[in-house]
Each structure stands twice: as structure tokens, then as C-alpha cells.
Amino acid sequence: MTLLHGEQIVENFNPILPNDTVRCVCVLEDLADKGKGMLMTVKIDMKDPDNLDYLYARCYMKFYVRGLGGFGDKGLLDQKIQDPPAREPDSTLVAPTTESLALFYRICGDINPLHIVPSAAELAGFEKPILHGLCTYGILGRAVYDKYCEGDMSLIKKISTRFVSHVYPGETILIDMFKEGDDVYFSATTKERKLVISTGVVELNPQAKI
């Protein structure tokens with residue numbers, strides 16, 4: 001196992017409604033030398049297949065590939081995700097996970113054995129299978145939605161997340177949130193290991209609750 005999900009960015013432009021059909025157009029957007037590894041950025045545009053100028057959302061998935069660094073090119077993209085402010089959080093949400101959550105998340109189509117097969121997890125350097133990064137991403141986005149969006153998904157403009165470390169299914173995630181204007185920064189840690197697992201920011205449309 002040499003590839004790890006490092007960052008995820010999703011920007012929303014138009015809502016995807018029930019029964020809508022979406023065409024995903026994927027492009028290898030950037031490669032950047034990170035010394036011992038390489039950061040690979042894939043851009044995914046989600047479009048209306050009948051009108052490819054109509055964009056539902058744009059995603060950037062960033063993968064850290066171990067052992068492929070040293071080629072010297074630092075890449076073209078500048079998408080640095082800012083750290084949360086150095087102060088007490090405005091709110092904290094406690095998000096327990098279940099030991100079966102990785103099994104359930106496989107329904108989304110991510111069947112990477114890292115998340116379910118103990119030998120694959122050990123090969124990648126983990127004690128046991130870890131939770132999918134995008135599952136953690138969804139938990140973090142939902143925390144901000146529950147606190148600041150009053151049930152209106154259209155208030156979420158963009159979610160940017162850096163995966164700092166891993167979550168084991170069954171652990172409890174503590175999510176600190178910091179409201180700065182229309183941005184909600186967050187820092188998430190595991191309650192059991194007291195380990196920072198993710199930081200990032202949710203950009204809200206101006207109507208969001210203060």
C-alpha cells in the first residue's frame with residue numbers, strides 16, 4: 001500500500017436532486033514532489049450529461065503516494081487549507097462511530113481492502129482496518145451542517161479537509177468548530193487516542209446562522 005487520501009475539497013454550484021443523472025469528468029490535474037512521496041491531485045467535475053456547461057459540483061481529491069518523490073517539480077496548484085484559529089472553539093460536537101461503519105460505507109463503492117481486511121491494514125502500517133477518509137469527511141461536514149445550516153444544505157458552499165491521521169471504526173470523534181465570518185474552521189481528534197485526525201474549513205453562503 002503506497003497511496004493515502006491526503007485532502008478532499010468539494011465546491012457546490014447547483015443542487016443534485018433525486019432522479020437527476022450526473023456525469024463525472026475526471027482529470028489528473030497536478031503532480032507535486034513532496035520529498036519522500038508525491039502529491040497527486042485529481043479533479044472531478046460533476047455535470048449534467050445533457051448540458052455539460054451545467055456544473056453541479058467540483059471535487060479535488062489529493063493522494064499522497066509514498067516512494068515516488070524526488071523528481072523536483074513542486075506542481076502548479078496552490079490550494080493550501082488554512083489551520084483553525086488558535087483560540088477556544090465556539091462549539092464542540094461528539095460524533096461516535098460504530099465498529100461496523102467501514103462495512104456500511106463500502107456500499108458507496110469504495111472496496112479498498114485497507115478498510116476491511118486486517119492483513120491489508122497491517123501491510124500499510126496500521127494496527128487494524130481504518131475508516132474511509134471520505135466517511136470521516138462526511139461526518140465533519142455534517143457537524144457543521146447540524147450546527148449552522150438549520151436544515152438547509154444550500155448554505156454549504158465548499159468543504160475543504162486535510163486528513164492528518166486515521167480513525168479506527170468504533171472510535172469517537174471530537175469536532176471543535178470555530179466560526180469566522182462565513183467560514184467555519186474545524187479540528188477533529190479521536191477521544192480514545194487524543195490524536196488530531198483532520199482539520200479544515202467549511203465555507204458557508206451568507207445566510208448561515210451565526
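By convention here, the first residue in the shown sequence is residue 1.
Screening Lys62, Glu29, Glu7 for a side-chain hydrogen bond (donor to acceptor under 3.5 Å, both in side chains) involving Gln79 leaves a single residue, Lys62.
Between atom CG of residue Asn112 and atom NE2 of residue His132 there is a gap of 7.0 Å, rounded to the nearest 0.5 Å. In this structure, Leu52 CG and Arg23 CZ are separated by 5.0 Å, a value rounded to the nearest 0.5 Å. Note that CD1 of Ile16 and CG of Asp48 are 10.5 Å apart. Values are rounded to the nearest 0.5 Å. Considering CD of Glu11 and CD of Glu203, their distance stands at 7.0 Å, rounded to 0.5 Å. A distance of 8.0 Å separates OG1 of Thr190 from CG of Leu174, quoted to the nearest 0.5 Å. For the atom pair Thr136 OG1 and His5 NE2, the distance stands at 10.5 Å (nearest 0.5 Å).
Across every non-hydrogen atom of His115 and Ala102, the tightest pair is O-CB, 3.5 Å. In terms of heavy atoms, Lys179 sits closest to Arg87 at O-NH2, 3.2 Å. Nearest heavy-atom pair, Asp33 versus Gly35, reported as atom, atom and distance to 0.1 Å: OD1-N, 2.8 Å. Closest non-hydrogen pair, Leu55 versus Phe13, comes out as O-CB, 3.4 Å. Taking every heavy atom of both residues into account, Ile9 and Tyr137 meet most closely at C-OH, 4.1 Å. Annotation for Leu31 and Met38: closest pair CD2-SD, 3.8 Å, computed over non-hydrogen atoms.
The closest donor-acceptor contact from the side chain of Tyr105 to the backbone of Leu131 lies at 3.5 Å or more, if one exists at all. A donor-acceptor pair is defined here as one N or O able to donate and one able to accept, closer than 3.5 Å; no such pair exists between the side chain of Tyr56 and the backbone of Asn12. A donor-acceptor pair is defined here as one N or O able to donate and one able to accept, closer than 3.5 Å; such a pair exists between the side chain of Asp30 and the backbone of Leu77. In this structure, Asn205 contributes its side chain and Ser154 its backbone to a donor-acceptor pair below 3.5 Å.
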Quiz item: Given the rule in the side chain to side chain contact (heavy atoms under 4.5 Å, CB included) test, do Leu140 and Thr161 qualify, once you have shown the distances and angles that lead to the verdict?
Solution: CA-CA 9 Å; Leu140 300 173; Thr161 304; 4.0 Å; yes

Exercise. Kindly indicate, with the supporting measurements, whether the criterion side chain to side chain contact (heavy atoms under 4.5 Å, CB included) is fulfilled by Ser198 and Phe186.
Key: CA-CA 8 Å; Ser198 187; Phe186 57 82; 4.1 Å; yes

Quiz item: After noting the C-alpha distance and the side-chain angles of Leu114 and Phe126, does the key distance pass the side chain to side chain contact (heavy atoms under 4.5 Å, CB included) rule?
Solution: CA-CA 9 Å; Leu114 173 66; Phe126 301 104; 3.8 Å; yes

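Grouping the Ile, Leu, Val, Met, Phe, Trp and Tyr side chains by contacts below 4.5 angstrom, directly or via other members, places Met40 with Phe71. Cluster membership check: Leu3 shares its hydrophobic cluster with Val42, using side-chain heavy-atom separations under 4.5 Å among Ile, Leu, Val, Met, Phe, Trp and Tyr. Both Met177 and Val202 are members of a single hydrophobic cluster when ILVMFWY side chains are connected at heavy-atom separations under 4.5 Å. Cluster annotation: Leu28 and Phe63 are assigned to the same hydrophobic cluster (Ile/Leu/Val/Met/Phe/Trp/Tyr, side-chain heavy-atom contacts under 4.5 Å, transitive). Under a hydrophobic clustering in which Ile, Leu, Val, Met, Phe, Trp and Tyr are joined whenever their side-chain heavy atoms come within less than 4.5 Å, directly or via other members, Ile44 and Val65 fall into the same cluster.
At most 12 heavy atoms of other shown residues, nucleotides or ligands fall within 6.0 angstrom of atom CD1 in Ile111. Heavy-atom neighbours of Asp78 CG from other residues, nucleotides or ligands within 6.0 Å: at or below the threshold of 12. Atom NZ of Lys34 is surrounded by 12 or fewer heavy atoms from other residues, nucleotides or ligands within 6.0 Å. Atom CZ of Arg193 is surrounded by more than 12 heavy atoms from other residues, nucleotides or ligands within 6.0 Å. Heavy-atom neighbours of Lys74 NZ from other residues, nucleotides or ligands within 6.0 Å: above the threshold of 12. Surrounding CD of Glu192 are more than 12 heavy atoms belonging to other residues, nucleotides or ligands, all under 6.0 Å away. When the shell of 6.0 Å around NZ of Lys47 is examined, it contains more than 12 heavy atoms from other residues, nucleotides or ligands.
The closest side-chain donor-acceptor pair between Gln82 and Tyr185 falls under 3.5 angstrom.
No side-chain heavy atom of Val164 sits less than 4.5 Å from a side-chain heavy atom of Ile197. Side-chain contact between Glu127 and His166: absent, with no pair of heavy atoms (C-beta onward) separated by less than 4.5 Å. Side-chain contact check for Ile139 versus Thr97: some heavy-atom pair is nearer than 4.5 Å. No side-chain heavy atom of Thr98 sits under 4.5 Å from any side-chain heavy atom of Phe104. Put simply, the side chain of Val94 reaches to within 4.5 Å of the side chain of Thr172, judged on heavy atoms. Taking the side chain as every heavy atom from C-beta outward, Asp45 and Arg58 approach each other to under 4.5 Å. You'll find the side chain of Ile130 reaches within 4.5 Å of the side chain of Tyr168, heavy atoms only. The side-chain heavy atoms of Ile156 and Val144, taken from C-beta on, include no pair separated by under 4.5 Å.
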